Amino acid sequence: MVLVTDGKETCGGNPCALADRLALMRPGLTVHVIGFRVTGGRLSRGDEVDRDYGRAVADARCLADRTGGRYIDAQDAEALIAALRETLGCLAIGDATWLPEHIFAR
């Protein structure tokens, strides 16, 4: 499985606990996580914003690490395409023209 995330946990979940449950329920399931433009800004309880980049990456990386997957940081379209190719193991994407332009706007 390949998960692309911005590193923001906005659903009130715990990626590390989810990884532990997946490892128990689905042995052999590998989750690769691509951190696309992770900059921090992780929402924590009470809607306060935690701007710690390291914590946002650590939460995303935990899911990959505990399921035997890889965490790959991608800060632009080319890096995202390379990460998808690497995690999917095929040349499924030729270029970034299929991605909506607003994804790359800052």
Side-chain angles (χ1 to χ4, degrees):
M1 176 184 300
V2 177
L3 169 70
V4 178
T5 181
D6 62 2
K8 294 174 179 68
E9 171 46 64
T10 58
C11 298
N14 180 331
C16 295
L18 172 62
D20 291 340
R21 282 196 312 269
L22 286 173
L24 285 173
M25 294 171 54
R26 299 283 190 237
L29 174 68
T30 301
V31 180
H32 299 291
V33 179
I34 300 170
F36 183 58
R37 288 195 169 167
V38 173
T39 59
R42 175 181 180 272
L43 292 177
S44 54
R45 292 188 185 136
D47 292 330
E48 60 192 49
V49 177
D50 178 352
R51 302 210 183 276
D52 184 350
Y53 169 81
R55 185 175 298 160
V57 170
D59 285 347
R61 186 181 302 273
C62 183
L63 185 55
D65 289 347
R66 293 187 183 182
T67 61
R70 296 193 54 217
Y71 175 84
I72 301 171
D73 188 55
Q75 291 300 317
D76 58 32
E78 291 76 25
L80 175 61
I81 292 167
L84 287 167
R85 284 182 178 153
E86 184 175 334
T87 56
L88 294 172
C90 62
L91 298 176
I93 301 166
D95 60 48
T97 59
W98 60 275
L99 292 169
E101 198 167 303
H102 73 275
I103 287 176
F104 304 107
R106 287 224 179 237

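Note that the structure is predicted; figures quoted are calculated from it, not measured. The figures that follow rest on heavy atoms only: side chains count, while hydrogens, waters and symmetry mates do not.
Taking each heavy atom of Ala83 and Ile72 in turn, the nearest pair found is CB-CG2, 3.7 Å. Closest approach of His32 to Thr87, counting heavy atoms only: CB-CG2, 3.6 Å. Of all heavy-atom pairs spanning Thr30 and Gly69, the tightest one is CG2-CA, 3.5 Å. Thr67 and Ala19 make their closest contact through CG2-O, 4.0 Å (heavy atoms, listed as atom of the first residue, atom of the second, distance). Residues Phe36 and Asp76 come closest through the heavy atom pair CE1-O, 3.8 Å. Across Gly35 and Tyr71, no two heavy atoms sit closer than the pair CA-OH, 3.4 Å.
For the atom pair CD1 of Ile34 and CG of Asp6, the computed distance is 13.0 Å after rounding to the nearest 0.5 Å. Atom-to-atom distance recorded for Met25:CE and Leu18:CG is 9.5 Å, nearest 0.5 angstrom.
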